[in-house]
Amino acid sequence: IVDLGLIVNVIIVGSNVTVDMTLTTPDCPYGPVLFNMVESTLRRDELIDKFDLNLVWVEPKTQNDLTDMQKLEMGLDI
C-alpha cells in the first residue's frame, strides 16, 4: 500500500495518528479491502490511542513524480 503511493500523509502527535490514503481509482474494487487493512493495522498497534483514517483523492502520479530509484526499479531512464 505504501509502495503504491496509496498512503498520502501520516501525522503523529503523541499517541494520536492521522492517516490520509487514496485509491488507484474511485471505483477500485479492492478499495474497501485496502481501507479495512489499514484500519485494522492501526487498531492493533498498542502505541496508538486514537486514529483518524481519511480517504482523500490526489492527482495521478506521472513519471516526473517518481524518485530515481523508482524509475530504475521500473526500467525507466533517469
Side-chain angles (χ1 to χ4, degrees):
I1 294 173
V2 173
D3 289 343
L4 289 173
L6 300 181
I7 300 299
V8 177
N9 193 28
V10 177
I11 300 171
I12 302 170
V13 178
S15 59
N16 298 329
V17 178
T18 300
V19 177
D20 294 336
M21 70 176 288
T22 191
L23 300 174
T24 53
T25 68
D27 296 327
C28 176
Y30 203 57
V33 173
L34 295 173
F35 196 86
N36 288 334
M37 287 172 59
V38 173
E39 183 177 38
S40 67
T41 300
L42 293 168
R43 285 190 193 285
R44 282 194 314 266
D45 193 318
E46 28 187 76
L47 298 176
I48 297 175
D49 286 332
K50 180 181 176 237
F51 69 86
D52 291 309
L53 178 56
N54 305 308
L55 185 59
V56 299
W57 297 108
V58 295
E59 292 295 318
K61 293 191 180 233
T62 66
Q63 285 187 19
N64 294 334
D65 298 318
L66 299 174
T67 65
D68 287 345
M69 182 59 76
Q70 290 170 324
K71 289 177 185 176
L72 287 174
E73 289 174 352
M74 295 175 71
L76 303 171
D77 293 329
I78 302 178

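Position 1 is the first residue of the sequence, and the numbers go up from there.
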* Would M69 end up clustered with L76 when hydrophobic side chains under 4.5 Å apart are linked, directly or stepwise? -> no

* Stepwise, does the side-chain contact (heavy atoms from CB on, under 4.5 Å) test hold for V19 with F51? -> CA-CA 8 Å; V19 177; F51 69 86; over 6 Å; no

* Asked: To the nearest 0.5 Å, what is the distance between CG (D77) and CG (L72)?
  -> 9.5 Å

* Do L42 and I11 belong to the same hydrophobic cluster, where Ile, Leu, Val, Met, Phe, Trp and Tyr are linked whenever their side-chain heavy atoms lie under 4.5 Å apart, directly or via other members? -> no

* Quick one: pull up CD1 in I1 and CE in M37 and give me the separation to the nearest 0.5 Å. => 4.5 Å

* **salt bridge (charged side-chain N to carboxylate O under 4.0 Å, His left out) partners for E73, two or more places apart** => none

* Could you tell me the separation between the CG atom of D52 and the CD atom of E39, rounded to the nearest 0.5 Å? => 11.0 Å

* To do: Quick one: which residue pairs count as a side-chain hydrogen bond (donor to acceptor under 3.5 Å, both in side chains) with a foot in residues 16-37, not counting sequence neighbours?
  => D20-N54

* Could you pull out the closest heavy-atom pair between D49 and S15, with the gap in Å? => OD2-OG, 2.6 Å

* To do: Hey, could you give me the CD1/OG1 distance between I78 and T67, rounded to the nearest 0.5 Å?
  => 9.0 Å

* Begin from the C-alpha positions of V17 and L47 and carry the test side-chain contact (heavy atoms from CB on, under 4.5 Å) through to its verdict. => CA-CA 10 Å; V17 178; L47 298 176; over 6 Å; no

* Is there a path of hydrophobic side-chain contacts, each under 4.5 Å between heavy atoms of I, L, V, M, F, W or Y residues, that connects L53 with V13? -> no

* Please check if V10 and I48 belong to a single hydrophobic cluster, counting links between Ile, Leu, Val, Met, Phe, Trp and Tyr side chain heavy atoms closer than 4.5 Å. => yes

* P32 to P29 - nearest heavy-atom pair and separation -> CD-O, 3.8 Å

* Structure fact -> Closest non-hydrogen atoms of M21 and V38, given as atom of the first, atom of the second and distance, are SD-CG2, 3.9 Å

* Can you hop from V8 to L23 via hydrophobic side chains spaced under 4.5 Å? -> no

* **K71, NZ: over 12 other non-hydrogen atoms inside 6.0 angstrom** => yes

